[in-house]
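Taking it in order: structure first as C-alpha cells, then the write-up.
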Amino acid sequence: MSQGVPTEDVENEMNIGLSSYHPLAFAAVCSLSARCCWSLGAMESDNLAYMELAIHQAKLAMESLEVPVGCVFIKDGNVIASGRNRTTETRNATRHAEMEAIDILLEKWQRDGLSKAEVAKNFSQCVLYVTCEPCIMCAAALSFLGIKEVYYGCANEKFGGCGSILALHSSSSESFISDEVPQRKGFKCTGGLMASEAVSLFRSFYEQGNPNAPKPHRPPVEKKVE
C-alpha cells in the first residue's frame, strides 16, 4: 500500500465518522463559528472607529499649524482621554499627543484621589490609538506606565520606539539597580491601522509648508569653482 493513500476500509470509516455527527452538535459548532467571526468583525470596526477619533485629533493639530499627530486612550470601550501634538503652541518639544493625553489622565485620577497602585491598574487596562508610531520618548513612557496595548497608523522611521528604531514595547529582562526606579513593562503593539490616512495628513502638512519651521540664519555659502 502506498504511504498516505487511504484504503477503502479507511475511507468508509472516515465517511461513517463524518455522517455520525449529531445535527445539534453540528449546529452548535456553526453557531459558535459565526459568533467568533462576528466578534472579529466588530472588533475591527471598533478599532477603525477609535482610530478615526485619533485622526480627528491629528486634523485639529494640523489646523493649529502643528505636526498632525493625534491619539485617544480607551478603557472598557470608552474614550477617557484624547491628545494632539502641541509642541509649537507650548514651545515644549515634549508635548507630543501621547504625553498630552497621559497628563490629562494623571491629573484626573489625582483629583479622584486614586492611589499609585490604582493608577497603575487603570493604565494596565488602557488601549492607545495614535496616528503615528510613538517616538522613543513616548514609547518609553507608555512602557513605564504599563499600558495594555497600542495601535498606531504609520511607522515613525526616524524616531519610532515600537520597532522602527527601538522596540521599547518588548518586555525588558534587564533589572534595575534601585527598586525606586520603575521597571519597563511590555505591551502589545499593532501598526498599520489607517496608515494611508495618517501619511496623507503628513503629506498635506509638509506640502503646504510649515511656517513654524526654523529659518536659516545665514545664506548658504557658495563654493568657488576653480
Side-chain angles (χ1 to χ4, degrees), residues 39-64 66-90 92-154 156 160-163 168-171 182-195 197-198 201:
S39 297
L40 290 174
M43 186 181 301
E44 183 178 358
S45 177
D46 287 345
N47 286 340
L48 292 175
Y50 295 140
M51 187 58 82
E52 284 277 8
L53 296 176
I55 290 287
H56 175 68
Q57 289 296 318
K59 290 178 178 178
L60 293 178
M62 187 163 66
E63 290 173 3
S64 299
E66 300 274 4
V67 177
V69 179
C71 73
V72 292
F73 273 82
I74 307 298
K75 183 176 180 290
D76 299 327
N78 298 313
V79 178
I80 58 173
S82 61
R84 62 174 179 82
N85 194 20
R86 295 180 63 235
T87 57
T88 301
E89 179 184 340
T90 60
N92 184 337
T94 70
R95 304 320 298 164
H96 292 188
E98 300 95 319
M99 304 303 286
E100 286 284 303
I102 287 171
D103 279 354
I104 290 173
L105 290 177
L106 289 175
E107 290 172 7
K108 178 183 183 303
W109 291 335
Q110 185 178 25
R111 289 195 305 269
D112 293 342
L114 270 61
S115 66
K116 290 182 179 180
E118 290 171 325
V119 169
K121 181 179 179 181
N122 279 350
F123 273 118
S124 72
Q125 297 170 347
C126 285
V127 180
L128 170 69
Y129 292 80
V130 59
T131 56
C132 182
E133 176 188 357
C135 70
I136 293 171
M137 174 188 70
C138 292
L142 294 167
S143 178
F144 283 120
L145 291 170
I147 194 170
K148 177 182 178 181
E149 190 169 2
V150 172
Y151 288 89
Y152 67 83
C154 60
N156 186 344
C162 293
L168 297 177
H169 63 293
S170 300
S171 57
Q183 187 170 359
R184 283 201 303 108
K185 302 175 183 178
F187 56 85
K188 186 177 178 181
C189 193
T190 304
L193 186 63
M194 297 185 68
E197 288 85 344
L201 286 176

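Starting from 1, each residue takes its place in the sequence as its number.
Between C162 atom SG and L168 atom CG the span is 7.0 Å, to the nearest 0.5 Å. Taken from NZ in K116 to CH2 in W109, the straight-line distance is 15.5 Å, to the nearest 0.5 Å. Atom CG of N122 is separated from atom CG of L145 by 11.5 Å, given to the nearest 0.5 angstrom. To the nearest 0.5 angstrom, L105 atom CG is 4.5 Å from I80 atom CD1. Atom CG of residue D103 and atom CD of residue Q110 lie 10.5 Å apart, to the nearest 0.5 angstrom. With rounding to the nearest 0.5 Å, the separation of NZ in K108 from CG in L114 is 8.0 Å.
For M137 against T94, the heavy-atom pair with the smallest separation is CE-O, 3.6 Å. Closest non-hydrogen pair, L193 versus N47, comes out as CD2-O, 3.6 Å. Between M99 and C138, the closest heavy-atom pair is CG-SG, 3.9 Å. Residues E118 and G113 come closest through the heavy atom pair OE1-O, 4.3 Å. Residue N156 comes nearest to C132 through the heavy atom pair CB-SG, 3.9 Å, listed as atom of the first residue, atom of the second, then distance. Across T88 and E66, no two heavy atoms sit closer than the pair N-OE1, 3.0 Å.
With hydrogens and angles ignored, the 3.5 Å screen pairs a side-chain donor or acceptor of T131 with a backbone N or O of G70. Of the possible polar contacts, one joining the S143 side chain to the K185 backbone as a donor-acceptor pair under 3.5 Å is found. Side chain of N85 to backbone of A61: no donor-acceptor contact under 3.5 angstrom is found.
With contacts defined as side-chain heavy-atom distances shorter than 4.5 Å, the pair Q57/C71 does not qualify. Side chains of T87 and V67 form no contact here, defined as non-hydrogen atoms less than 4.5 Å apart. Within the 4.5 Å cutoff, no side-chain heavy atoms of S82 are placed close to those of L53. The shortest distance between side-chain heavy atoms of F73 and I102 falls below 4.5 Å. Considering only heavy atoms from C-beta on, V79 stays 4.5 Å or farther from Y129 through its side chain. Between F123 and L128, every side-chain heavy-atom pair lies at or beyond the 4.5 Å cut-off. Within the 4.5 Å cutoff, side-chain heavy atoms of E98 are placed close to those of V130. Looking at heavy atoms from C-beta onward, E149 lies out of side-chain contact with F187 at the 4.5 angstrom threshold.
Enclosure of atom NZ in K75 by more than 12 non-hydrogen atoms of other residues, nucleotides or ligands within 6.0 angstrom is indicated.
Salt-bridge annotation for R84 and E100: absent, with no side-chain N of the basic residue lying under 4.0 Å from a carboxylate O of the acidic one. Electrostatic pairing of E197 and K59 does not count as a salt bridge here, judged by no charged N lying under 4.0 Å from a carboxylate O.
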